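A quick write-up on the structure given underneath.
Whatever order the structure lists ligands and atoms in, that order sets their numbers, starting from 1. Computed from a predicted structure; not experimentally measured.
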Amino acid sequence: MGRKLVVGNWKMNLLQKEAKELSCAIVDLIGKNYDNCEVVLVPPYTALREVGNCISGSNIDLGAQNVFGKSRGAYTGEISAPMLVDAGCKWVIIGHSERRHLLGETDEQIRKKISLSISYGLKVILCVGETETQREEAVSGSKDISTKKRDIFSPIKTQIENALGAFDEQGLLDIVIAYEPVWAIGTGKNATSLEIAEIHQCIRELLVEMFPDSGNNVRILYGGSVKTGNISDIMSVDEVDGVLVGGASLSVDSFFKIVKLIGS
Ligand code: PEP
């Protein structure tokens with residue numbers, strides 16, 4: 001298993017000047033020699049260059065929030081994997097719930113994006129997670145606990161199987177999974193340690209079933225309203241290999257505290 005990983009997803013926030021200030025402040029605090037955990041900053045496309053310049057020479061990597069499933073051509077408004085590599089990205093987030101649910105991204109598109117990204121040497125953070133309705137339906141009615149657990153995991157299982165089913169063990173080396181319950185993203189409600197542990201265990205078992213040689217080595221992150229107040233609880237779950245942070249990554253203080261706590 002690699003080091004713990006902290007990913008800051010800035011979403012559609014910050015102009016270039018603000019992104020420069022935030023990333024340079026993060027570099028100042030984390031320092032060039034900090035390597036207790038791996039840190040990735042994921043700004044909007046327009047700020048990739050500014051952030052790339054600030055983190056240059058540090059241990060922080062650059063990531064992008066999305067990619068298209070073709071490498072070039074007449075796809076107005078899209079961005080390709082080689083373009084991201086050219087812009088200095090080492091990582092790309094794929095299948096974020098905001099893209100799946102607000103923009104209609106399908107499992108098939110996600111599979112293509114992963115495949116192409118890996119072929120260009122990008123490391124992929126694949127986001128998966130159940131909606132509030134899916135969880136409520138799964139726990140409703142008089143079922144036994146293991147059936148409820150199976151039903152909660154069912155949509156996540158489908159997302160992972162559809163995204164990764166066509167890959168071989170080698171392809172898996174560049175993939176990290178982020179479990180992000182949709183009801184916890186940007187809502188202030190985070191999953192409990194028990195809920196996180198249950199889903200992370202299910203994801204691990206599925207990965208080992210699908211990829212007997214490398215399934216155990218894939219890092220599984222948690223995401224969904226991670227902040228300074230809950231990071232200790234989240235990281236106390238054995239199965240959590242790091243976090244994907246949205247809102248709290250926009251403040252240097254909270255992001256730094258999260259990184260320090262994970263790396264300590
Ligand atoms: C995210 O961007 O994936 C996320 C989890 O956001 P937030 O931390 O704001 O819930």
Side-chain angles (χ1 to χ4, degrees), residues 4-14 18-19 22-23 26 37-48 51 60-67 89 91-105 110 113-114 117 123-132 134-135 155-156 159-160 163 175-193 195-196 199-200 203 219-235 237 239-262:
K4 299 269 191 261
L5 174 63
V6 188
V7 182
N9 175 17
W10 295 358
K11 311 194 185 194
M12 200 176 72
N13 293 297
L14 305 187
E18 298 163 318
L22 178 57
S23 52
I26 290 170
C37 65
E38 210 171 337
V39 179
V40 181
L41 295 183
V42 189
Y45 300 132
T46 48
L48 283 173
V51 175
I60 300 174
D61 277 340
L62 190 63
Q65 298 175 18
N66 183 34
V67 65
C89 292
W91 292 84
V92 60
I93 295 176
I94 296 182
H96 192 282
S97 71
E98 284 151 16
R99 298 205 58 81
R100 289 180 191 263
H101 298 289
L102 302 177
L103 298 159
E105 199 162 286
I110 288 166
K113 289 175 184 213
I114 297 173
S117 297
K123 294 187 217 171
V124 169
I125 300 154
L126 167 65
C127 300
V128 296
E130 81 286 4
T131 63
E132 189 153 38
Q134 284 169 329
R135 182 171 273 267
I156 302 162
Q159 288 170 343
I160 295 177
I175 291 178
V176 167
I177 306 238
Y179 167 53
E180 300 206 297
V182 180
W183 46 272
I185 299 180
T187 58
K189 295 189 234 173
N190 66 297
T192 63
S193 311
E195 286 166 340
I196 299 172
I199 299 292
H200 278 229
I203 295 176
R219 285 179 288 181
I220 307 174
L221 314 184
Y222 170 76
S225 297
V226 173
K227 30 188 188 292
T228 52
N230 59 24
I231 186 66
S232 300
D233 277 355
I234 292 167
M235 291 313 295
V237 179
E239 294 79 4
V240 173
D241 302 309
V243 282
L244 176 46
V245 189
S249 69
L250 291 168
S251 140
V252 65
D253 283 352
S254 52
F255 191 66
F256 176 60
K257 280 188 188 137
I258 290 168
V259 169
K260 278 300 234 194
L261 210 136
I262 291 188

- Item | Non-hydrogen atom of C127 closer than 4.0 Å to ligand 1 |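 No; C127 lies far enough from ligand 1 that no heavy-atom distance drops under 4.0 Å.
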- 4.0 Å heavy-atom contact, A248 with ligand 1: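 No heavy atom of A248 comes that close to ligand 1.
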Between [X] and [Y], is there a donor-acceptor pair closer than 3.5 Å when you use the side chain of the first and the backbone of the second?
X    : Y    : answer
Q65  : N9   : no
E105 : I110 : no
S225 : A184 : yes

For [X], atoms of ligand 1 separated by under 4.0 Å from a heavy atom:
X    : answer
S225 : 7 (P), 8 (O), 10 (O)
G224 : 5 (C), 10 (O)
A184 : 10 (O)
G186 : 7 (P), 9 (O), 10 (O)

Any N/O of [X] closer than 3.5 Å to an N/O of ligand 1?
X    : result
I185 : no
G247 : yes
L244 : no
H96  : yes

- Query: Of the backbone atoms (N, CA, C, O) and the side-chain heavy atoms from C-beta on, which set of S249 has a member under 4.0 Å from an atom of ligand 1: side chain, backbone, both, or neither?
  - Reply: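 Under 4.0 Å from ligand 1, S249 contributes no heavy atoms.
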- Task: Please test R100 against E180 for salt bridge (charged side-chain N to carboxylate O under 4.0 Å, His left out), starting from the C-alpha separation and ending with a verdict.
- Result: CA-CA 12 Å; R100 289 180 191 263; E180 300 206 297; over 6 Å; no
- Parallel under 30°, tilted from 30 to 60°, perpendicular over 60°: which one fits the rings of Y222 and H200?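 Ring orientation, 0 to 90° scale: tilted.
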- Task: Output, in order, the C-alpha distance, side-chain angles, deciding distance and verdict of side-chain hydrogen bond (donor to acceptor under 3.5 Å, both in side chains) for N66 and K113.
- Result: CA-CA 9 Å; N66 183 34; K113 289 175 184 213; 2.8 Å; yes
- Item | Spacing of I156 atom CD1 and I199 atom CD1 [to the nearest 0.5 Å] |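 Answer for the CD1-CD1 pair, I156 versus I199, is 4.0 Å.
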- Query: Among G246, G223, G129, which one has a heavy atom closest to atom 7 (P) of ligand 1?
  - Reply: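 The residue whose heavy atom sits nearest atom 7 (P) of ligand 1 is G246.
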- Query: To which of K11, Q65, K189 does the heavy atom nearest atom 2 (O) of ligand 1 belong?
  - Reply: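 Closest candidate by heavy-atom distance is K11.
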- Message: Checking a contact table here: which protein heavy atom is nearest atom 5 (C) of ligand 1, and how many Å away?
- Response: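 The answer is E180 OE2, 3.0 Å.
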- Tell me, please, which residues at least two apart from W10 pass side-chain hydrogen bond (donor to acceptor under 3.5 Å, both in side chains).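 W10 satisfies side-chain hydrogen bond (donor to acceptor under 3.5 Å, both in side chains) with no residue once adjacent residues are dropped.
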- Item | side-chain contact (heavy atoms from CB on, under 4.5 Å), paired with F255, selected from I26, L22, L250 |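 Answer to the side-chain contact (heavy atoms from CB on, under 4.5 Å) test with F255 among I26, L22, L250: I26.
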